[in-house]
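Counting convention: from 1, in listed order, for ligands and their atoms alike. All residue numbers refer to positions in the sequence shown, counting from 1.
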Amino acid sequence: MPISQEALFKIALNLEDPWYITTIDFSAEGKQLDIHVDFKTGSKFPCAKCGKTSCSVHDTIERTWRHLNFFQFKTYIHCRVPRTTCEDCGVKQSKVPWARKGSGFTLLMDSMIVLMSQHMTVTAIAEMIDEHDTRIWRVLEYYVAEARCNEDFSEVRSVGVDETSRAKGHKYVSVFIDLDKSRVIHVCEGKDASTIESFKNGFRAA
Ligand SMILES: [Zn+2]
């Protein structure tokens with residue numbers, strides 16, 4: 001049985017019922033691929049706040065996410081996101097499986113940005129994917145904060161600090177290291193006493 005283009009993209013995007021692809025618009029001129037996703041009529045969704053299952057759809061909001069390029073074509077996912085009615089929480093926007101809450105990028109796009117950031121500057125990433133660098137920073141800030149929440153600093157016994165110049169001239173960065181585990185635990189600008197204060201605050205917050 002031949003598989004439709006929509007079904008193929010559904011697999012590629014890892015979409016599960018009730019989500020499905022309605023149309024795929026490809027513009028060679030605009031160098032863009034637009035994937036339109038919808039959910040089956042009558043579907044129920046869990047409440048995004050308390051997790052209560054089988055909430056009815058109250059209304060929907062049109063949203064767009066930037067996805068990984070397909071070859072050189074910018075790719076966008078468009079979908080009407082349901083807002084559910086929950087007896088306890090009221091009307092809440094549902095979570096979609098391909099993006100985190102409030103993000104204009106899909107999770108795969110997020111992963112690509114995080115991966116690239118380990119090897120390239122944010123300016124270079126912004127240029128490469130043709131997005132404003134503030135959008136890239138927002139993604140990185142989210143994942144760095146999340147990673148820091150999962151870090152356990154309770155076993156840190158001895159800390160070393162190293163100053164390094166970030167560029168020719170006077171831009172210094174101080175790097176704080178957990179000497180027992182050889183891992184970086186804090187980085188901040190400067191090389192004076194204020195960096196110790198920054199380290200203390202960051203360390204306490206984490
Ligand atoms: Zn609820």
Quiz item: Are the side chain of Trp65 and the backbone of Ser103 linked by a donor-acceptor contact shorter than 3.5 Å?
Solution: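 Yes; at least one donor-acceptor contact below 3.5 Å.
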
- Item | Donor-acceptor contact present, side-chain Thr22 to main-chain His36, <3.5 Å |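 Confirmed, Thr22 side chain pairs with His36 backbone.
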
Should Lys74 and Asp130 be marked as a salt bridge (Lys or Arg N to Asp or Glu O under 4.0 Å) after you check the CA-CA gap, both sets of side-chain angles, and the distance that decides it? CA-CA 9 Å; Lys74 274 191 176 181; Asp130 192 22; 3.0 Å; yes

Report task. Give a yes-or-no answer on whether the side chains of His67 and Thr106 include a donor-acceptor pair shorter than 3.5 Å. Result ->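 Their side chains do contain a donor-acceptor pair, which is all the 3.5 Å distance test asks for.
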
*asked:* Once you measure the plane-to-plane angle for Trp98 and Trp19, does it fall in the parallel (<30°), tilted (30-60°) or perpendicular (>60°) bin?
replied: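 Perpendicular.
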
- prompt: For the Zn ion (ligand 1), how many protein N, O or S atoms lie at less than 2.8 Å?
  reply: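 Considering protein N, O and S only, the Zn ion (ligand 1) has 4 within range.
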
* Asked: Who are the side-chain hydrogen bond (donor to acceptor under 3.5 Å, both in side chains) partners of Gln32, not counting sequence neighbours?
  ->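 Only Asp34 meet the side-chain hydrogen bond (donor to acceptor under 3.5 Å, both in side chains) criterion with Gln32.
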
